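Sequential numbering from 1 along the given sequence is applied to the chain's residues. Model, not experiment: these values are computed from the prediction. Atom set for the values below is all heavy atoms of this structure, side chains included, hydrogens, waters and symmetry mates excluded.
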Amino acid sequence: MGGAALPRGADIVRSVVASALSGVYCPAMMGNAVDNPRGRSRWCAGIRGGVSLLAVCLAVYLPGLFVLPPIDRDEARFAQATRQMAESGDWVVPRVQDRPRLNKPPLIYWVQGAGIRLFGDPPPPSPSPAPPAPPAPGSVGASEPFLGNIWVFRLPSVLSAIGSVFLTWRIGLSMFGRSRLPHGGSALAAWLAGAFLAVSPIVAWEAHQARADQLLLFLTTAAMGAMWIVWRRVPPAPARNGHEGSARDPVLPPSSLRAFVPPSLFWLCLSLAILTKGPIAPMIAGLTALTLCVVTRRWKWLLELRPLLGALIVLAVAAPWVVLVGERVGWETYLRTVLDETIGRSAGAKEGHWGPPGYHLILVTVLLWPGSILTALGVRHAWRRMRGKDHPNGVDRAGIGPETLEMAIPTDTAADAEPLPGTWSSLPGTLSGGKGTLTGLKETLTGLKETLTGHKETLTDAKTTLTGVKTTLTGVKTTLTDVKETLTDPPEPGIGTTGHPRTGWLVGRVASARAASFPSSSPPPETFLLAWVVPAWIVFELVSTKLPHYTMPLFPALALLSARAVVLAEAGALVGLQERLTRIGLWIWRLLAVVLSMPTVFMVWRSIARGKHVAASLWAMLGWVITFAVVVQFVLPRAADGSARIEQAQRAIDPTLARPFASVGYHEDSLVFLTRGRVVKLDAIDLPAWTAANPTGLVLIDAAIAEANADALRAIGLERVAGAAKIDVFNYSNGRRHSLEWFETTARAPVIEGGR
């Protein structure tokens, strides 16, 4: 294959380490510069922060991109469908060989097709007429580094992942830029969130695959960022009790052109996300908007999203392809496919991908690692902020932090100012005084009486206080009784209620209760992040079909919550850091570091022991970047090279690639991609008809099937290819090992029945 030679493994490792050091180690060192918070903030929020994030992304996404074989089965199907679209010129109906692939919308194929237009997709070079020696087991061969040019199809995933990281960083700066965390921590939290997303195992792995999930992540993040811009511009609601709400961004005039940019961007990204993976992004955006309205009791901000404009954009972007594909394949067929991919996946497990509720919650510890270090506390802190219990900087609303509050607790009461035993300290001396003994004793008893009188007055005051508390509790009980009676016997319609006569009273009561729970007239940004994560996460947990990457569009919000918690913990202002469950979670996280961050595990453990959570996260990030680079550059290419070795052996037997080629017992789509769709996947019973139609054909048969059907194979004229060695491969898709043999037709034979 033409093109420039790819860098060798040693060069890639050196570049990975250099990029990782520049992108991760520098912020770690900068994190110790607590005496220069302004410089730290400028570093994380400025051009150097962006360059370092790009270095982190390249350090994670470039290793393995060129040498990792096509991954079964989705990646190979996506890439082959794109290739056939480009070769046929039919950009409406995606196909894999002769089968339409309608379960995924076409945008990812169009984007990958643009990559083919830019970089080309030349066929693999044919070997010399003299058959070369068979490739060594476990090696894809040094003569074909591009592996069918799969890297061209992966470029959209890489670029989408980088775009998602930068969007997360900028959203974090927009959300947390106003809070004054110590030592420039607000900008650091935004930068750290972008880095967490960049190196998270699920994002790093999906960036190495030519699939639609990274494009969906980018478009969903962009749409949610646009929604955040619209939502934060809504003026604060009138505050209760005469207090003004906190300031928000100025509201633009409705006629201003700038007022249309964020909603237009929101609907455009949402439309493109529909063309990427159907209803996932609209579901996330819709649940987020609904949750924000219910929690904050603000509905008018939805008008700022310009729903009429949005409907026009969605129709203009998505409707043309839907109409074209419906007319081409038939509306009944297309609608059946759509229902099967939406309702069918929700009602039952598709392709055996089932998981119980809590499946995604358990996996997030690994899939977001090392950003999962304090995710649970980050979510809890966001909830407390939303409820008005915590200050943005991790302290209570009065500005009293955990340490300050602990120091403010009095150690002595008023009654302890003059301790009771102090009056008896002079008693021994008085008794030894001779003549003044009785007088001293009388004075002592008088002092004792006065002390007891003081205690009596203190107890009387305490009694009065308890009586007041009792009265308050009685009032609360009366209020709850009234609420219960109101809920049991709703008022007449039209009296203090709105909406439906049977439900308006309930909505009003819920709104009143919520008003007491959310006292802030200007909700904090954590409200938006929780609305982004929680409702959609519940839906993903309830859907029957589960795969690890389903929750990936929620990871930017989780990364922001986690990074903020890490920075708060570094400042000593995160509530719950010393709780038992938190300590257990940190131990689990540290044990994962032994596996995922082996090169830097010592520094990770030492940083955690010293309470340096930012440094621990950065050291874990550096170790994971090195570990992941080694795995995808050297380990996985040798473990997943079965189809690549088959394709090489096939070209060695048939240098001109003119003979028909079929496979029995090994039906992976990576072989379809590497042979550019030439391989025909057959069952043993189909062999007689195929050999009759292709008398010069070349057949790859599983050794177990060949042994069980030896007589039938001879009867139809199939014999083993002379000099062709068996190929032993491990099929990681089903966990089976295959020993494959080459057969060819030696004479035209009559069609007979064959066994499986």
Would you be so kind as to tabulate the donor-acceptor pairs closer than 3.5 Å made by side chains of residues 324-333, with sequence neighbours excluded?
from, atom 1, to, atom 2, distance (Å)
Arg328, NH1, Asp90, OD1, 3.4
Arg328, NH2, Asp90, OD2, 2.7
Glu332, OE2, Arg336, NH2, 3.4

Per-pair distances, 0.1 Å, donor-acceptor, side chain in residues 208-217, under 3.5 Å, sequence neighbours excluded:
from, atom 1, to, atom 2, distance (Å)
His208, ND1, Ala204, O, 2.7
His208, NE2, Tyr61, O, 3.2
His208, NE2, Pro63, O, 2.7
Arg211, NE, Glu206, OE1, 3.3
Arg211, NE, Asp213, OD2, 3.3
Arg211, NH1, Asp74, OD2, 3.4
Arg211, NH2, Glu206, OE1, 3.1
Arg211, NH2, Glu206, OE2, 3.0
Arg211, NH2, Asp213, OD2, 3.0
Arg211, NH2, His549, ND1, 3.3
Asp213, OD1, Lys277, NZ, 2.3
Gln214, NE2, Val203, O, 2.8

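To the nearest 0.5 Å, the span separating SG on Cys269 from CG on Leu219 amounts to 6.0 Å. Distance check: Gln650 CD to Arg659 CZ gives 9.5 Å after rounding to the nearest 0.5 Å. To the nearest 0.5 Å, the span separating OG1 on Thr545 from CZ on Phe540 amounts to 12.0 Å. For the atom pair CZ (Arg638) and CG (Leu68), the distance works out to 13.0 Å, reported to the nearest 0.5 Å. Thr675 OG1 to Leu671 CG: the interatomic distance, rounded to the nearest 0.5 Å, is 5.0 Å. The structure places CZ of Arg77 at 6.5 Å from CZ of Arg101, a figure rounded to the nearest 0.5 Å.
The side chain to side chain contact (heavy atoms under 4.5 Å, CB included) check on Pro100 picks up Val93, Arg95, Leu102, with sequence neighbours excluded. Among residues two or more places apart in sequence or in another chain, the side chain to side chain donor-acceptor pair (under 3.5 Å) test is passed with Arg736 by none. Here Arg678 pairs with nothing under the salt bridge (Lys or Arg N to Asp or Glu O under 4.0 Å) rule; sequence neighbours left out. Residues that satisfy the side chain to side chain contact (heavy atoms under 4.5 Å, CB included) test with Thr82, not counting sequence neighbours, are Tyr109, Gln112, Ile116, Phe153. With sequence neighbours excluded, the residues that form a salt bridge (Lys or Arg N to Asp or Glu O under 4.0 Å) with Arg720 are Glu741. Under the salt bridge (Lys or Arg N to Asp or Glu O under 4.0 Å) criterion, Glu87 pairs with Arg676, not counting sequence neighbours. Considering only residues two or more places apart in sequence or on other chains, Thr627 meets the side chain to side chain donor-acceptor pair (under 3.5 Å) condition with none of them. Listed by chain and residue number, Tyr359, Leu367, Pro548 satisfy the side chain to side chain contact (heavy atoms under 4.5 Å, CB included) test with Leu363 (two or more places apart in sequence, or in another chain). The side chain to side chain contact (heavy atoms under 4.5 Å, CB included) test applied to Met598 returns Val594, Val601, not counting sequence neighbours.
A 4.5 Å side-chain heavy-atom check between Pro660 and Val680 finds every atom pair outside the cut-off. Between Phe166 and Leu54 there is a side-chain heavy-atom pair separated by less than 4.5 Å. Ile646 is listed as a side-chain neighbour of Leu700, based on a closest heavy-atom distance under 4.5 Å. For the pair Ile162/Phe218, no side-chain contact is recorded, criterion being any heavy-atom separation below 4.5 Å from C-beta on. For the pair Asp686/Asp683, a side-chain contact is recorded, criterion being any heavy-atom separation below 4.5 Å from C-beta on. A 4.5 Å side-chain heavy-atom check between Trp321 and Pro106 finds at least one atom pair inside the cut-off. Counting heavy atoms from C-beta outward, Pro69 and Pro637 have side chains that approach closer than 4.5 Å. Side-chain contact check for Val364 versus Phe555: some heavy-atom pair is nearer than 4.5 Å.
Nearest heavy atoms, Ala76 versus Asp72: CB-OD1, 4.3 Å. Across all their heavy atoms, Thr221 and Pro556 have their closest contact at OG1-CG, 3.4 Å. Closest approach of Val699 to Trp690, counting heavy atoms only: CG2-CZ3, 3.5 Å. The minimum heavy-atom distance linking Val152 with Pro156 is given by the pair O-CD, 3.8 Å. Across all their heavy atoms, Pro201 and Val366 have their closest contact at CG-O, 3.2 Å. Taking each heavy atom of Thr220 and Ala281 in turn, the nearest pair found is OG1-CB, 3.6 Å.
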Check: Taking it one step at a time, do Lys681 and Asp669 satisfy salt bridge (charged side-chain N to carboxylate O under 4.0 Å, His left out)?
Finding: CA-CA 10 Å; Lys681 296 183 287 187; Asp669 292 279; 3.6 Å; yes
Note to self: Run the side-chain contact (heavy atoms from CB on, under 4.5 Å) test on Leu687 and Ile701 for me, step by step, so that the C-alpha distance in whole Å, both residues' side-chain angles and the decisive distance to 0.1 Å come before the verdict.
What the structure shows: CA-CA 10 Å; Leu687 269 176; Ile701 304 178; 4.0 Å; yes
Next item on the list: Dump the intermediate steps for side-chain contact (heavy atoms from CB on, under 4.5 Å) on Phe66 and Ile150, then the final yes or no.
Entry: CA-CA 7 Å; Phe66 304 99; Ile150 186 63; over 6 Å; no
Next item on the list: Please assess Phe673 against Glu75 for the test side-chain contact (heavy atoms from CB on, under 4.5 Å), listing each intermediate value before the final yes or no.
Entry: CA-CA 10 Å; Phe673 175 80; Glu75 181 187 37; over 6 Å; no
Checklist line | Full working for side-chain contact (heavy atoms from CB on, under 4.5 Å) between Ile653 and Val721 | finding: CA-CA 9 Å; Ile653 298 172; Val721 176; 4.2 Å; yes
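Judged by distance alone, the side chains of Asp654 and Thr656 do bring a donor and an acceptor atom under 3.5 Å apart. When only modelled atom types and interatomic distance are considered, Ser739 and Asp728 share a side-chain donor-acceptor pair under 3.5 Å.
Listed by first then second residue, pairs satisfying ring-ring contact (aromatic ring centres under 6.0 Å, His included) with a partner in residues 709-744 read Phe661-Trp742, Tyr666-His738, not counting sequence neighbours.
At a threshold of 4.0 Å, the pair Asp711-Arg714 counts as salt-bridged, since one of the basic side-chain nitrogens sits closer than that to a carboxylate oxygen. For Arg83 and Asp121, the salt-bridge test passes: some basic side-chain N is under 4.0 Å from an acidic carboxylate O.
Taking the six-membered ring where the residue is Trp, the centroids of Phe628 and Trp205 are separated by 6.0 Å or more.
With hydrogens and angles ignored, the 3.5 Å screen pairs a side-chain donor or acceptor of Gln97 with a backbone N or O of Val679. Looking only at distances, a side-chain donor or acceptor of Lys546 sits under 3.5 Å from a matching main-chain atom of Val543.
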